[in-house]
Structures are given as structure tokens and as C-alpha cells.
**Student:** 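First the structure, then my questions, so here it is.
Keep in mind the model is a prediction, meaning the values are calculated, not measured.
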Amino acid sequence: VFASRVLYLSVLVAFAACNAPPVPSDDIFIEKTFVPEQCVRAVKVGDYVRYHYNGMFPDGKKFDSSYDRGSTYNVFVGKKQLIEGMDKALVGMCVNERRLVKIPPQLAYGKQGYGDIIPPDSILHFDVLLLDVWNPEDSVQINTYHTPATCSRKVEVSDFVRYHYNGTLLDGTLFDSSHTRMRTYDTYVGIGWLIAGMDQGLLGMCVEERRIITMPPSLGYGENGDGSDIPGQASLVFDVVLLDLHNPRDGITVTNQIVPESCTRKTVAGDFVRYHYNGSLLDGTFFDSSYSRNHTYDTYVGRGYVIAGMDEGLIGVCVGERRTITIPPHLAYGEEGTGTKIPGSAVLVFDIHIIDFHNPSDTTEVTVTYKPEECDKKTKKGDFVKYHYNASLLDDTSIDSTYNYGKTYNIVLGVNQVVPGMEDGLMDMCVGERRHVVIPPHLGYGERGVTDEVPGSAVLVFDIELVEMEEGLPEGYMFIWNEDVSPDLFSEMDKDNNEQVEPSEFTDYILRQVNEGKGRLAPGFDPYRIIDNMFSNQDRNGDGKITEEEFKLKADEASAHDEL
């Protein structure tokens, strides 16, 4: 019986509690249902906030919701633009923080309520999510989180920049990204082409620098937003990496010069240059290299065959010189770029190495490095010469050397057995003399060069030493007599007295005259080929035999150069 009375009493107490009027509270009750790990800024009195909310009565019945309207509630805090309880509840909140706020009637709509929506003396519950906070006194905030090791230049007003960005609202909602378009944002800075906050936030940046730029709506898209992804009164956050920077007034810049100690000549307009290069964008992105093709880039300079900046950058360089040439887009590929490798409005950086250059007007350059005291005979056209050489390119790349073979190189001067430049270098030379000979390509191996040995359009350098020479015959002669010609020349040749000279008789006779010192064949040629040619000249009817009549007729011709 006692237990039953206790249970009955408990039920009555519970029933009374459920139907009792709410106990008034003097202040709001806040339950933080989500707090972000980082809270860069908390709401203060006077701040402007954007937040979402669901408004409910204690029994869970909803009376209002910003979500249902599809728009945040935007308002100043602490300026009596809200019910007093909400004004107090928002203070101290962080962006992305969520609070469950219980507001007593005296801090809400009190005894009057609010029309048909909120009855008098109602306790209100708000589920609040803060999305944005700013203050009219705010300016652009910059947080640099990566600085390049070197920074030779920073963004100034009127500079043109290329940068990538991710744009978000203060709660992290992405509204735009240049990365997703796979194209940089390209613009002038500080002249009103951008929203004011970005104009300010980009100033002072270095190429490859990364920074977070946060701006209040007054420096972004203001009260109306952009009409699409950016709501009105929204703070904006841009994560920016600067890729490129130039000014329309820029010319080329030349840096990192390495000039060889010996520089006897520098390039001028009209020269033909062979050079290697690595090409990159200003942020280091590689786009081309002559090294990867294993072939120099060959071109005239100062004649418009290359982009204007390179034309200028290649003037005044020495063979062997290295330099970095930075070229603004208006002296390179301009606003359009090249399509795939070089974007529009891109600054280009070329690391170049000058391998070779010449001018089409160049002649063979001959420098005597040693000359013997006695020099009675000098080489001339038709002489048979033997010489040693070391051959290289203008950048000292070795090509060939007779010393490697242990024998001289032997030629007849003036009969196109060597390139024209070498003919020039060997003329008027004494035995024992040494020379340094520089041969431009048009007097060397020309545009084609020699496969796997001499590149096209290459200047050649020869260090030569004349070892031996044999005086040649007068021009046009392949055989001459050293003494008077026998009056019985035909009969001396006709050994079998059949009144005709066979090829073997002719050959034997000429070789005998040479061996006995009575005649000379042109040196440096195959003697049998010379003799065969001489025989053909005398065999007028081409029957393979020379008659006395043919022999005499040929001898009478003034143009006969074989002296027979």
C-alpha cells in the first residue's frame, strides 16, 4: 500500500510539471553544437554577419528559417537590429561555428509576441550557423604562406600579371577557380581592372609567391554580390599563386652572363649564330630546349628571323658566352602565345650558350703561328702538299686530327680536293710553317655540314703544319718535258714498228721518260690515269691506237697541253 501511494504521488508531480508555465530565465542559454578547429576571428559588437538559422518553439515547431528563403540573414551585431537575445548570442561566434540558442521571452518578443507567428511570452530556440563576419573598418588582409628563395621584382601598379587562384567565401564555399579552367587569370594591377581588394592584394607579390588575400565586401562585390555565385555582403578569400609579371614598358633583361676570357669578336646584326638554349616561363615551367633535339638553333640575328626579344638579346655576344635573356610578351609571342606550350602574355626566359657565329661576308682568316727563317719556296696552285692538321669547331669541339692516324693529309692545291677555305689557308706557305685557319661555313661544309662530324653552318678551325711540298706543273698541264723533245718521238714509242702506237707502248714510254728525269707528270694524281687521258687526247678517231698522222695533227694544235 505504501509503495502504491508513492507511485501515485510521483505521477501527479510529473503531470503538474508538464502543465506548469515555463520558468522565466534572466538570460539566454547557448549550446555550442559545432566549433571549428581554427577560429581566426570571433564576432564583436559592431561587426556585420551573415548566418543561417532555423527558429523553433520549445516543442520543436518551426516558426521561421533562412534556409527556406534560400538566403542568409545579414545584419550588424549589437546595433539593435535584432532581438536582444540574438544580439547577445552572436557575439563570440566563429565562422562555421554552430550554436543552439534558447532565448527567454523578455529577450525576444516579450508579452506582445510577433503577430500570428510568435505568441506572447514565447521562449524561442534558434539553431544558428555563422557563415561570414566583417567590420566596416576592415581592409584587405594578406597572409603569405610561401615566399620564393629569390625575388628580383615585385608587383607594382600598372604591371601585368598572370596568376592562378581559388576563390572561396569565408566559410570555405568555393565560388571560382582558375585551376578548373586550366588557364591563368591575366590582368593589369592597380588600374581598376580588378575588384579593389584584389588590386591591393596583388601588390608586392613575387613570382612563385603564394598568399591568402581576404577582403570585406566593400572591396569585393559589395551589397549585391556578382548575381550568381557570390552573395551580397560576402567576404571573399583568394588563394593566389603568382606565375608571371611584366610591365608594358619593359625591355629585355640580360643576367647571369658568363663571358669567356678571350673574346675577339662579338655578334652584330646580320651575323649567323648557332646557339643552344633552354626555354622556360617566369615561374620555371619548361617549354622547349635545343639540347633535347641534340641540335643547335641556327639563325640570322637582327633581321627578324626570331622573336624581337631574342633578336636583341643575341647582339653583342661572344663565342662560348652564356647568358639568361628575359623577354616580356610584347617582344615575344604577345597576347596569343603559341597555343600549347607558351600561354598568352607570358614572359619568357632563355638560358643560352653561344656555340658559333659568322657573317656571310666573312673570308678565311689565316694567322701564322710559326714561320721558318728560310722560306725560298711557297705553295701555289697545282702544288702537291702534305700537311698535318688539328680540326675543331669554333667552341673547341674536336672534329679530326691527322696526328691520330700517324700520317699527313696529301692534296693538290687548286683542284677542289679540299674545301675552299682550306685552299686559302694553304696558299703561299713554306715547308715547316704553322698556321691557325678559321673557315666560315660558306667556304667550308656549308649549311649541310658532314653527317655525324660537322654540323651544318659551322665555322671550322684548323691548326695546320706544312710538312712537304712538290712543285706542280703550269696550270692546265699534266705532263711536261724537262729537256728538248726528241725529233723521233713517234718512232721511239712505236717499238714494234707497225706504224701505230698501242696504249701499252705509250704508257711504257711516258713512264720511262719520267723515271729517267726527262719528263714530269703532275704530282698528286694517279699517273696511269694521267697517261690514259694523254693517250685519249692523241687518239683522235678513238680506235684505241695512235697513228703518225694523228700524232702530228695533235702536235700541231696550239691548245695541246701535254707537250707531245
Side-chain angles (χ1 to χ4, degrees), residues 134 137-170 174-222 224-226 228-230 234-253 255 280-285 287 308-309 326-337 342-349:
W134 54 270
E137 302 298 322
D138 286 351
S139 58
V140 172
Q141 299 175 36
I142 296 172
N143 175 28
T144 298
Y145 64 93
H146 174 74
T147 304
T150 58
C151 179
S152 58
R153 179 174 182 176
K154 296 182 178 182
V155 177
E156 298 178 0
V157 171
S158 80
D159 282 346
F160 191 91
V161 296
R162 295 175 47 246
Y163 63 93
H164 270 306
Y165 71 88
N166 285 321
T168 63
L169 304 180
L170 204 60
L174 180 73
F175 62 79
D176 193 17
S177 174
S178 63
H179 297 282
T180 59
R181 293 190 295 272
M182 299 183 68
R183 181 177 178 84
T184 55
Y185 195 83
D186 308 339
T187 183
Y188 286 98
V189 177
I191 61 173
W193 283 30
L194 292 164
I195 55 176
M198 187 61 83
D199 250 351
Q200 296 177 30
L202 292 171
L203 291 176
M205 281 193 83
C206 305
V207 171
E208 295 186 72
E209 182 179 336
R210 295 174 182 267
R211 56 171 58 173
I212 303 292
I213 302 171
T214 305
M215 62 194 72
S218 59
L219 299 176
Y221 289 94
N224 299 319
D226 69 345
S228 177
D229 298 311
I230 300 174
S235 301
L236 304 180
V237 181
F238 291 91
D239 189 343
V240 177
V241 55
L242 185 66
L243 300 184
D244 200 333
L245 153 68
H246 76 276
N247 193 281
R249 299 186 300 271
D250 288 349
I252 69 166
T253 57
T255 56
S280 63
L281 304 181
L282 203 58
D283 66 340
T285 301
F287 64 79
T326 303
I327 305 174
H330 50 275
L331 297 177
Y333 293 99
E335 295 182 2
E336 300 300 321
I342 300 176
S345 300
V347 176
L348 307 182
V349 181

**Student:** Can Glu209 and Thr144 be said to form a side-chain contact (heavy atoms from CB on, under 4.5 Å), step by step?
**Tutor:** CA-CA 8 Å; Glu209 182 179 336; Thr144 298; 3.1 Å; yes
**Student:** Fit a plane to each ring of Tyr185 and Tyr163, take the angle between them on a 0 to 90° scale, and name the class: parallel (under 30°), tilted (30 to 60°) or perpendicular (over 60°).
**Tutor:** tilted
**Student:** Asp226 and Ser228: side-chain hydrogen bond (donor to acceptor under 3.5 Å, both in side chains), yes or no, with the steps?
**Tutor:** CA-CA 5 Å; Asp226 69 345; Ser228 177; 4.9 Å; no
**Student:** Less than 4.5 Å apart, side chain to side chain, heavy atoms only: is that true for Leu348 and Ile342?
**Tutor:** yes
**Student:** So which atom in Asn247 and which in His330 form the shortest heavy-atom distance, rounded to 0.1 Å?
**Tutor:** O-CE1, 3.5 Å
**Student:** If we only count heavy atoms from C-beta on, is the Ile212 to Val240 side-chain gap below 4.5 Å?
**Tutor:** no
**Student:** Is the shortest heavy-atom distance from the side chain of Leu242 to the side chain of Val155 under 4.5 Å?
**Tutor:** yes
**Student:** Take Val237 and Leu169 through the test side-chain contact (heavy atoms from CB on, under 4.5 Å) and record every step on the way to the result.
**Tutor:** CA-CA 6 Å; Val237 181; Leu169 304 180; over 6 Å; no
**Student:** Answer whether the closest heavy-atom distance between the side chains of Leu170 and Leu236 falls below 4.5 Å.
**Tutor:** no
**Student:** Would you check if there is a donor-acceptor pair between the side chains of Ser345 and Asp244 at a distance under 3.5 Å?
**Tutor:** no
**Student:** Relative to the ring of His179, is the ring of His164 parallel (under 30°), tilted (30 to 60°) or perpendicular (over 60°)?
**Tutor:** parallel
**Student:** Could you grab the distance from atom CE of Met215 to atom CE of Met198, nearest 0.5 Å is fine?
**Tutor:** 5.0 Å
**Student:** Looking at Arg153 and Asp250, is there a salt bridge between them, counting it only when a charged N and a carboxylate O are closer than 4.0 Å?
**Tutor:** yes
**Student:** Going by the angle between their ring planes, with limits at 30° and 60°, are His246 and Phe160 parallel, tilted or perpendicular?
**Tutor:** tilted
**Student:** Work out which heavy atom in Asn166 is nearest to a heavy atom in Ser177; give both atom names and the distance.
**Tutor:** OD1-OG, 2.5 Å
**Student:** To the nearest 0.5 Å, tell me how far Leu245 CG sits from Arg162 CZ.
**Tutor:** 11.0 Å
**Student:** Measuring from atom CD1 of Ile142 to atom CG of Leu202, what distance do you get when rounded to the nearest 0.5 angstrom?
**Tutor:** 8.5 Å
**Student:** Looking only at non-hydrogen atoms, find the nearest pair between Pro248 and Ser158 and report the distance.
**Tutor:** CD-O, 3.8 Å
**Student:** Just wondering, do Arg249 and Pro328 contact through their side chains at under 4.5 Å, heavy atoms?
**Tutor:** no
**Student:** To the nearest 0.5 Å, how far apart are CG in Asn143 and CD1 in Ile213?
**Tutor:** 10.5 Å
**Student:** To the nearest 0.5 Å, what is the distance between CG (Asp199) and CG (Leu194)?
**Tutor:** 5.0 Å
**Student:** Check the surroundings of atom CZ in Arg181: do more than 12 heavy atoms from other residues, nucleotides or ligands lie under 6.0 Å from it?
**Tutor:** yes
**Student:** Indicate yes or no: at least one non-hydrogen side-chain atom of Arg183 is less than 4.5 angstrom from one of Pro343.
**Tutor:** no
**Student:** If you draw a 6.0 Å radius around CZ in Arg210, do more than 12 non-hydrogen atoms from other residues or ligands fall strictly inside?
**Tutor:** no
**Student:** Do you know the tightest heavy-atom contact between Cys206 and Pro148?
**Tutor:** CB-CG, 3.9 Å
**Student:** Would Tyr221 and Phe175 count as a close aromatic pair, with their ring centres under 6.0 Å?
**Tutor:** no
**Student:** So Thr214 and Val140, do their side chains get closer than 4.5 Å, heavy atoms only?
**Tutor:** no
**Student:** Quick one, Asp176 and Asp229 - any side-chain contact, counting heavy atoms below 4.5 Å?
**Tutor:** no
**Student:** Assess whether salt bridge (Lys or Arg N to Asp or Glu O under 4.0 Å) is satisfied between Arg211 and Asp239, documenting all intermediate values.
**Tutor:** CA-CA 6 Å; Arg211 56 171 58 173; Asp239 189 343; over 6 Å; no
**Student:** Can you tell me how far OG1 of Thr147 sits from CE of Met205, rounded to the nearest 0.5 angstrom?
**Tutor:** 9.0 Å
**Student:** Which atom names give the shortest non-hydrogen contact between Thr184 and Asp186, and what distance separates them?
**Tutor:** OG1-OD1, 2.6 Å
**Student:** Taking the side chain from Asp283 and the backbone from Leu243, do they hold a donor-acceptor pair closer than 3.5 Å?
**Tutor:** no
**Student:** Do you know which two heavy atoms are closest between Val349 and Leu281, and how far apart they sit?
**Tutor:** CG2-O, 4.2 Å
